[in-house]
Amino acid sequence: MSDVLWIKIIGTIPAMLWVAFAVTVFFTLRGTLVQQMVPRLTAVRALGVEIELAAELLDRAQDESRATVTATARRTALGRLEHAADVLRGGKMLWVDDRPEGNARLVELFRTVGMHVDVALSTEEATPLFRRRPYDVIISDLDRDGDRQAGIKMLRVLDQYGIDVPVVIYTGRFDPERGVDRRIFAATTAPVELVHYVIDLMERARLGPP
């Protein structure tokens, strides 16, 4: 074999060594890289599934309500749900209503995005719950068991125990001309609006007032 050929062979050795080194490093670290990437990919997929289910639940809740909603308002609410996933996850909600079957879709929606939701049928049932557990938001109806002021009376109980939790009134019949109590953050008959209010309150609880 000629000296020129040997020189060429020797000259390729460093490049071959770098290739071998790169291949070795890749196969050595591949398992670690995959392990780091899989949780992120799984989280993204899970979030997609959650939002897809939330969209279905929101649509069903909207169909069951008397309120009308535009396609734009629906898309906006779902977009906020997706972007506020980290803010909502782990949030604590108390829902007080003597007819919980009417709120089942929305309760499931908020649980789907990671919130803890307790349900009470009356102020008497709700009182030991909000005295024992710190909630981020309370959702309540107004009329219960023939008492058109039941929701307002619950606010007085909150004051009595010094519990400063924002309250959203969600009811099928709400007349703003009857007045809104100072303790009420908002009132609505529309599922889409309720989603916005809950996100607003959770952002305030997590991030502080704007």
**Message:** Please determine whether side-chain contact (heavy atoms from CB on, under 4.5 Å) holds for the pair Asn103 and Val119, giving the CA-CA distance in whole Å, both sets of side-chain angles, and the decisive distance to 0.1 Å.
**Reply:** CA-CA 10 Å; Asn103 309 315; Val119 176; over 6 Å; no

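Taking CG of Leu106 as the reference point, atom CG of Leu194 lies at 6.0 Å (rounded to 0.5 Å). Distance check: Phe130 CZ to Ile138 CD1 gives 6.0 Å after rounding to the nearest 0.5 Å. Distance check: Ser140 OG to Ile184 CD1 gives 8.5 Å after rounding to the nearest 0.5 Å. Taking NE2 of His83 as the reference point, atom CD of Glu203 lies at 11.5 Å (rounded to 0.5 Å).
Side-chain contact between Ser65 and Thr189 is absent, with no heavy-atom pair separated by less than 4.5 Å. At a threshold of 4.5 Å between non-hydrogen side-chain atoms, the residues Arg99 and Asp141 do not count as touching. Using a 4.5 Å heavy-atom cutoff, the side chains of Ile199 and Leu81 are in contact. Annotation: side chain of Phe110 is not in contact with side chain of Met202 (no heavy-atom distance under 4.5 Å). The shortest distance between side-chain heavy atoms of Leu142 and Ile152 falls below 4.5 Å. Side chains of Val198 and Met115 form a contact here, defined as non-hydrogen atoms less than 4.5 Å apart.
A salt bridge (Lys or Arg N to Asp or Glu O under 4.0 Å) check over residues 105-132, counting only residues at least two apart or in different chains, returns the pairs Glu64-Arg105, Asp118-Arg133.
Cluster membership for Val157 and Leu121, using ILVMFWY side-chain heavy atoms within less than 4.5 angstrom, is not shared.
Under the rule for a salt bridge (charged side-chain N to carboxylate O under 4.0 Å, His left out), the partners of Arg74 that lie at least two apart in sequence or sit in another chain are Asp59.
Here the shortest heavy-atom pairing between Leu109 and Ala54 reads CD1-O, 3.5 Å. Between Val192 and Ala73, the shortest heavy-atom distance links the atoms CG1-O, 3.7 Å. Nearest heavy-atom pair, Leu94 versus Ala120, reported as atom, atom and distance to 0.1 Å: CD1-CB, 4.4 Å.
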Would you give me the side-chain donor-acceptor pairs under 3.5 Å for residues 158-169, sequence neighbours excluded?
| unit_1 | atom_1 | unit_2 | atom_2 | d |
| --- | --- | --- | --- | --- |
| Asp159 | OD1 | Arg183 | NH1 | 2.5 |
| Asp159 | OD2 | Arg182 | NH2 | 3.4 |

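Exactly one of Thr123, Asp97, Asp98 qualifies for a side chain to side chain donor-acceptor pair (under 3.5 Å) with Arg144. That residue is Thr123.
Between Tyr170 and Trp95, the ring-plane angle classifies as perpendicular under the 30° and 60° cut-offs.
The residues Asp200 and Arg80 are annotated as salt-bridged, a charged nitrogen and a carboxylate oxygen being separated by less than 4.0 angstrom. Between Arg89 and Asp86 there is a salt bridge, since a side-chain N of the basic residue sits under 4.0 Å from a carboxylate O of the acidic one.
With hydrogens and angles ignored, the 3.5 Å screen pairs a side-chain donor or acceptor of Gln62 with a backbone N or O of Ala67.
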